[in-house]
There are 2 protein chains.
Amino acid sequence: MTIKLIGMDYEPMGVATDLVILTVRAGSLQVLLIRRGIPPYQGRWALPGGFVRDQEDLESAARRELAEETGLASERIHLEQVATYGEPKRDPRGRVISVAYLALVPDLPAPVAGTDAASASWVPAGEVLADPKRLAFDHHRVLSDGVERARAKLEYSPLATAFCAGEFTISELRGIYEAVWGQTIDPRNFHRKVTKAEGFVVPVGTTTTRDGGRPAQLFHRGEAKTLHPPLTRGLAAGG
Amino acid sequence: MTIKLIGMDYEPMGVATDLVILTVRAGSLQVLLIRRGIPPYQGRWALPGGFVRDQEDLESAARRELAEETGLASERIHLEQVATYGEPKRDPRGRVISVAYLALVPDLPAPVAGTDAASASWVPAGEVLADPKRLAFDHHRVLSDGVERARAKLEYSPLATAFCAGEFTISELRGIYEAVWGQTIDPRNFHRKVTKAEGFVVPVGTTTTRDGGRPAQLFHRGEAKTLHPPLTRGLAAGG
DNA sequence: GCAAAAGTGTTACGAGTACACCCATGT
DNA sequence: ACATGGGTGTACTCGTAACACTTTTGC
């Protein structure tokens, strides 16, 4: 099928968005997967996603999917475009272009709202990435790109706070880095770097003992969009 | 128009690729623009691009456009995806999704082959970016994103060599950085950093006097995909 | 008191900056 | 000889890594 458009021909294609929704739960980086109820790849795990509607913006479509799968409708959830996948045979149903988005959400009190729990669940990202055949379509590649983006951005942006609740302690923030990077970080140097980086975290003024030990100050995220200096992934283990 | 696809409806859309083709000429970062011969935006400047064909991969489509506009058909030309733009009203002809690619090419001996010179030309990127109304569609935004990507990647990848001919001197490489970043760099510290960074440049063994003064060693690009340590954009002016 | 986690001080090291200085060519 | 750019040596500074040490809670 070819469509004429003022002297120019083009092949119409399906346009979808797929979501890499990440969170940190129980000290590990986890991704939200759904089990497909219909062909193709029926019964296999896949990233949440769906077709973009007429007159709907790409990011709006991604945000709609996110709300449908997690119940998180807030504009404050971090959502960013990662890449677009358009290999001709990637979807056996026909030509479908997929725009992948990365969403970072805090550990949700209610596991997954707005959808039936049987078909959606959190799975450790490392476990999924270890098996290239686990996911439907080219979703292994999409997940891999999304996770790598998240890892890279933690270095030079204050993005880690997107995984945290409104108020958090420095060691909770450190737990995010340790889960995403898969390595331990010296708590003392981390504390100093993070609190000194301009606009990264701002103290709330209250403390909590929920992590045990001496009470820790609570912080909320600052206004900074980039980190100076960056947190290097080589920030080694210690103490 | 809605298409049924195994119980799922989707709106078919046009899918295009647009190219941000950058080079460094006469000490400035320049972008290849074409003057549109047909509506919409007839007579306005725009990024080269076109619809993706049936059974054609996104990157293949971008590479085809690149070859058509520049005559550069080599697989060795650096080409990477930047972002996808899909605002519903971005193209007045109808719903068109555009996948933007960034291409970095050396300063071509023949200006622009494979196309009529009247309609395509190199324009300093800074000049275009200074006027948000210069380009058709949302191409100002696309160009802006592409240039920012190039600037950022010079820091942590050996990408600058993509702007160079097969063999180049360190000061020619430095000229790339100065043009893209718009700042001067200390030639002595730059020389040391670049030649010491593992896999960035490898000496050919011959020298040239084409830059004047003492003969300079010639290098070609190395195998490294990332730079350790990175070249900071704060690499200050000097001497 | 003891364990546990928060938070501070200090030292050693390595990378970045600035710049003095020498080298090899063209004119 | 002199100008021009290539290339090396080196001192200073600053961010990081490592880790000893003090603080404040729960049990």
Side-chain angles (χ1 to χ4, degrees), chain A residues 27 154-156 164 167-178 181 183-198 200-219 224 226-239, chain B residues 27 154-156 164 167-179 181 183-198 200-220 224 226-239:
Chain A
L154 287 209
E155 294 195 20
Y156 60 90
C164 296
E167 300 186 346
F168 50 87
T169 66
I170 299 298
S171 70
E172 284 161 4
L173 184 63
R174 178 166 47 86
I176 301 295
Y177 278 90
E178 294 183 331
W181 286 349
Q183 66 182 211
T184 57
I185 297 172
D186 185 297
R188 299 156 296 187
N189 292 333
F190 181 82
H191 184 282
R192 210 182 344 240
K193 259 193 110 156
V194 161
T195 51
K196 277 185 181 162
E198 194 80 10
F200 190 2
V201 295
V202 305
V204 171
T206 53
T207 60
T208 180
T209 58
R210 65 186 178 220
D211 300 330
R214 169 176 167 179
Q217 283 195 67
L218 283 167
F219 295 82
T226 55
L227 250 41
H228 298 292
L231 271 66
T232 60
R233 222 181 290 195
L235 204 63
Chain B
L154 288 209
E155 294 195 20
Y156 59 89
C164 295
E167 299 187 346
F168 50 87
T169 66
I170 299 298
S171 70
E172 285 161 3
L173 184 63
R174 178 166 47 86
I176 301 294
Y177 278 90
E178 293 182 330
W181 285 349
Q183 67 182 211
T184 58
I185 297 172
D186 186 300
R188 298 156 297 187
N189 292 334
F190 181 82
H191 184 282
R192 205 179 350 233
K193 258 193 110 155
V194 161
T195 51
K196 278 187 182 162
E198 193 80 10
F200 190 1
V201 295
V202 305
V204 170
T206 54
T207 60
T208 180
T209 58
R210 66 187 177 218
D211 300 328
R214 168 176 167 180
Q217 283 194 69
L218 283 167
F219 295 81
H220 61 73
T226 55
L227 250 41
H228 296 292
L231 271 66
T232 62
R233 222 182 290 197
L235 205 65

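Each chain gets a letter, A, B and so on, in the order the sequences are listed, and its residues count up from 1.
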- Query: Quick one: does A:Glu178's side chain have a donor or acceptor within less than 3.5 Å of a partner on A:Gly27's backbone?
  - Reply: no

- Distance, rounded to the nearest Å, where A:Gln217 contributes CD and D:dT25 contributes P: 12 Å

- Apply side chain to side chain donor-acceptor pair (under 3.5 Å) to A:Thr209 and list each qualifying residue two or more places apart in sequence or on a separate chain. none

- Note on the structure: note: A:Leu173, atom CG; C:dA6, atom P; distance rounded to Å ~ 12 Å

- Message: Strictly under 4.0 angstrom, non-hydrogen atoms only: write out the protein contact profile of nucleotides 22-27 of chain C, one letter per nucleotide from the 5' end, B, S or -.
- Response: -BBB--

- Tell me whether the OP1 or OP2 atom of C:dA6 has a side-chain N or O from A:Ser171 closer than 4.0 Å. yes

- Task: Measure from CG on A:Asp211 to C1' on C:dA6 and round the result to the nearest Å.
- Result: 10 Å

- Message: Restricting to non-hydrogen atoms, name the atom on B:His220 and the atom on B:Val202 that form the minimum distance, rounded to 0.1 Å.
- Response: CE1-CG2, 2.8 Å

- Query: Which residues satisfy the side-chain contact (heavy atoms from CB on, under 4.5 Å) test with B:Thr226, sequence neighbours excluded?
  - Reply: B:His228

- Task: Please list, chain by chain and in numerical order, all residues satisfying side chain to side chain donor-acceptor pair (under 3.5 Å) with A:Thr208, sequence neighbours excluded.
- Result: none

- Message: Below the 4.0 Å mark, does C:dA6 have OP1 or OP2 next to a side-chain nitrogen or oxygen of A:His191?
- Response: no

- Starting at NZ of A:Lys193 and ending at C1' of C:dG7, how long is that distance when rounded to a whole Å? 18 Å

- Quantify the bending of the helix from C:dG1-D:dC27 to C:dT27-D:dA1 as the angle between its end axes, each fitted on five pairs, to 10°. 0°

- Message: The criterion is ring-ring contact (aromatic ring centres under 6.0 Å, His included); which residues satisfy it with A:Tyr177, sequence neighbours excluded?
- Response: A:Trp181, A:Phe190

- How long is the line joining NE2 of A:His228 and P of D:dT16, in whole Å? 13 Å

- Here the pair of heavy atoms bringing A:Arg210 nearest to A:Glu172 is NE-OE2, 2.6 Å

Return all side-chain donor-acceptor pairs below 3.5 angstrom for residues 211-218 of chain A, not counting sequence neighbours, or 'none' if the list is empty.
| from | atom 1 | to | atom 2 | distance (Å) |
| --- | --- | --- | --- | --- |
| A:Asp211 | OD2 | A:Thr169 | OG1 | 2.8 |
| A:Asp211 | OD2 | A:Ser171 | OG | 3.3 |

- Query: B:Glu172 CD to D:dG7 P: how many Å, rounded?
  - Reply: 11 Å

Atom pairs, N/O to N/O, protein against nucleotides 9-11 of chain D, distance under 3.5 Å?
| from | atom 1 | to | atom 2 | distance (Å) |
| --- | --- | --- | --- | --- |
| D:dG9 | N7 | B:Arg192 | NH1 | 2.9 |
| D:dG9 | O6 | B:Arg192 | NH1 | 3.4 |
| D:dG9 | O6 | B:Arg192 | NH2 | 2.8 |
| D:dT10 | O4 | B:Arg192 | NH1 | 3.3 |
| D:dT10 | O4 | B:Arg192 | NH2 | 3.4 |

- Item | Residue pair B:Pro230 / B:Tyr156: nearest heavy atoms and the distance that separates them | CB-CA, 4.2 Å

- Within the structure shown, what part of the strands sits under 4.0 Å from A:Arg174 by heavy-atom distance: base, sugar-phosphate, or nothing? sugar-phosphate

- Item | Whole-Å distance separating the CG atom of A:Leu218 from the C1' atom of C:dA6 | 13 Å

- What is the distance, rounded to the nearest whole Å, between atom CZ of B:Phe190 and atom P of D:dT8? 14 Å

- Please test A:Thr195 against A:His191 for side chain to side chain contact (heavy atoms under 4.5 Å, CB included), starting from the C-alpha separation and ending with a verdict. CA-CA 6 Å; A:Thr195 51; A:His191 184 282; 4.0 Å; yes

- With sugar-phosphate meaning primed atoms plus P, OP1 and OP2, does B:Thr195 contact a base, only sugar-phosphate, or nothing at under 4.0 Å between heavy atoms? nothing

- Query: Looking only at heavy atoms, what is the nearest atom pair of B:Asp186 and B:Asn189, with distance?
  - Reply: OD1-N, 3.1 Å

- Which pair of heavy atoms, one from B:Ala224 and one from B:Phe200, lies closest together, and at what distance? CB-N, 4.3 Å

- Task: Tell me which nucleotide among D:dT16, D:dG7, C:dA18 gets nearest to the side chain of B:Ala216.
- Result: D:dG7

